[in-house]
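This report refers to the structure that appears directly beneath it.
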There are 2 protein chains.
Amino acid sequence: MKLDDIDKRILRALQRDGRMANNDLAREVGLSPSPCLRRVKLLEEAGVIDRYVAMLNPAKIGKGQTFFTRIWLKAQDEDTIEHFAAEVAKLPEVLECYLMLGDCDAMVRVVAANIDAYRRFQSEHLSRIKGVQNVKTDVPSQTIKQTSEMPL
Amino acid sequence: MKLDDIDKRILRALQRDGRMANNDLAREVGLSPSPCLRRVKLLEEAGVIDRYVAMLNPAKIGKGQTFFTRIWLKAQDEDTIEHFAAEVAKLPEVLECYLMLGDCDAMVRVVAANIDAYRRFQSEHLSRIKGVQNVKTDVPSQTIKQTSEMPL
DNA sequence: CAATCTTCGCAACCAAATTGCGCCCGCCTT
DNA sequence: AAGGCGGGCGCAATTTGGTTGCGAAGATTG
């Protein structure tokens, strides 16, 4: 799908505020409300806009700390990987999980209240998944930037 | 702030669909529209709900691949770090940046169309930031899970 | 240069958000 | 234990914003 300049402005605005009123959005991108809404609907149908979500403040719900954990599996066959993926998907504390090329086999992003809570999670859940050989956790001390806004 | 069971149901629903109509939300959490809206507003004011955003499909805007890059700086003094943070914040391809405890000094999540585009970005922007000594990129081959839904 | 396709803006209509108010239930006080 | 007090609910009226249909203007192509 080709995106013209107005589409990009719409996407930038909705990435900042996904609940912006269509009238305000229209004014911001230099259109009247109806063609603006039509474009938004087209972007949604085309799948460019995947979904709208509320972003919570992790600190306010006791999930203030992020952890990145690299994982090495005992084997790289499909069964081992499938099983690992299925188990990880069940853990709500794991917000992201990627299979990796190169050094490690997988990487997960986990949220927890603090390091102690994370350590408990790691030993009680992550390390107990069948096929997991070794894990190494990278701990952020400070967040410099954290956004979901894609460059356009 | 203390969250009761209804608050949690509201947050779960809005994390799935941030544009859900208040009437539907009310029905889902077992409340009538006005107290439901009142709770949403309170959650917003308390900062539990930080913001609403549109999530784009990265593949549809030519940013289909994610890269995790660990960064080692030449020094760890405040000036070096401040400068690095300021420069990284300017790069729209960097969606996340954390200062790290332990092995490396920082870690960034970068989106790009593909590996070649990323390599170009790394050599032309990341590596050229003053104070950057070494970088090591971890490349996901497959995304198992990717969400912004916090556990409640 | 004309025909056509696209996309816009206007206006009317419809749906949803928002606000004010009275009621009910649980809790505290006496 | 009864009376009063506060918090939170639901209803209904109002306002605001979303939605749709149509005619007009500009761009594109043969």
Side-chain angles (χ1 to χ4, degrees), chain A residues 1-63 147-152, chain B residues 1-63 92 113 147-152:
Chain A
M1 181 176 183
K2 91 180 224 322
L3 302 172
D4 67 13
D5 202 59
I6 293 180
D7 290 322
K8 290 180 181 177
R9 266 181 280 173
I10 289 175
L11 293 174
R12 271 190 280 264
L14 289 178
Q15 284 189 103
R16 269 190 291 104
D17 179 2
R19 265 194 166 181
M20 178 178 288
N22 182 58
N23 289 354
D24 297 340
L25 180 61
R27 201 169 333 105
E28 181 168 328
V29 304
L31 235 54
S32 69
S34 25
C36 180
L37 185 64
R38 209 173 313 138
R39 278 168 181 265
V40 171
K41 287 292 150 73
L42 286 174
L43 289 166
E44 289 170 359
E45 279 161 28
V48 176
I49 297 175
D50 185 49
R51 49 209 274 263
Y52 298 89
V53 303
M55 302 291 288
L56 308 190
N57 183 335
K60 293 277 169 76
I61 53 173
K63 306 283 162 176
T147 179
S148 56
E149 290 180 37
M150 293 283 166
L152 293 166
Chain B
M1 180 178 186
K2 93 180 228 316
L3 302 172
D4 68 13
D5 201 60
I6 294 181
D7 289 323
K8 289 179 183 177
R9 266 180 279 175
I10 289 175
L11 294 175
R12 270 190 281 265
L14 289 178
Q15 283 191 104
R16 271 189 289 105
D17 180 3
R19 266 195 166 181
M20 180 180 287
N22 183 56
N23 288 0
D24 298 339
L25 180 62
R27 199 168 337 105
E28 182 169 328
V29 304
L31 235 55
S32 69
S34 22
C36 180
L37 184 65
R38 206 173 317 134
R39 279 169 180 263
V40 170
K41 287 290 148 72
L42 285 173
L43 289 166
E44 291 169 359
E45 278 162 28
V48 178
I49 297 175
D50 185 50
R51 49 210 272 264
Y52 299 90
V53 302
M55 302 291 285
L56 308 190
N57 182 334
K60 293 277 170 75
I61 53 172
K63 305 284 163 176
T147 180
S148 56
E149 289 178 38
M150 292 284 166
L152 294 166

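Chain A is the first sequence line, chain B the second, and so forth, proteins listed ahead of strands; every chain is numbered from 1.
Residue-level contact check: B:R19 touches neither bases nor backbone, having no heavy atom under 4.0 Å from any strand.
Between B:N23 and the phosphate of C:dA15, there is no side-chain N or O to OP1/OP2 separation shorter than 4.0 Å. Under 4.0 angstrom from either OP1 or OP2 of D:dG18 there lies no side-chain N or O belonging to A:K41.
Residue A:V53 forms a side chain to side chain contact (heavy atoms under 4.5 Å, CB included) with just one option from B:M55, B:Q15, B:R16, and that option is B:M55.
You'll find that the side chain of B:L37 is closest to C:dA17, out of D:dG17, C:dA17, C:dT7. Among the nucleotides D:dC9, D:dG17, C:dG9, the one closest to the side chain of A:R38 is C:dG9. Residue B:A21 places its side chain closer to C:dA17 than to any other of C:dT7, D:dG10, C:dA17. Comparing atom distances between the B:N22 side chain and each of C:dC8, C:dA17, D:dC9 picks out C:dA17 as nearest.
To the nearest 0.5 angstrom, A:I61 atom CD1 is 10.0 Å from B:K8 atom NZ. Going from atom CD1 of A:I49 over to atom NZ of B:K60 covers 11.5 Å, rounded to the nearest 0.5 Å.
At a cut-off of 3.5 angstrom, counting only N and O atoms as typed in the model, there is no donor on one side facing an acceptor on the other between the side-chain of A:S32 and the base of C:dC10. Put simply, the side chain of B:S34 and the base of D:dC9 share no donor and acceptor less than 3.5 Å apart.
Protein atom NZ of B:K2 is 13 Å distant from nucleotide atom P of D:dG7, rounded to whole Å.
Contact check for A:K63 versus A:L56: no side-chain heavy atoms found under the 4.5 Å cut-off.
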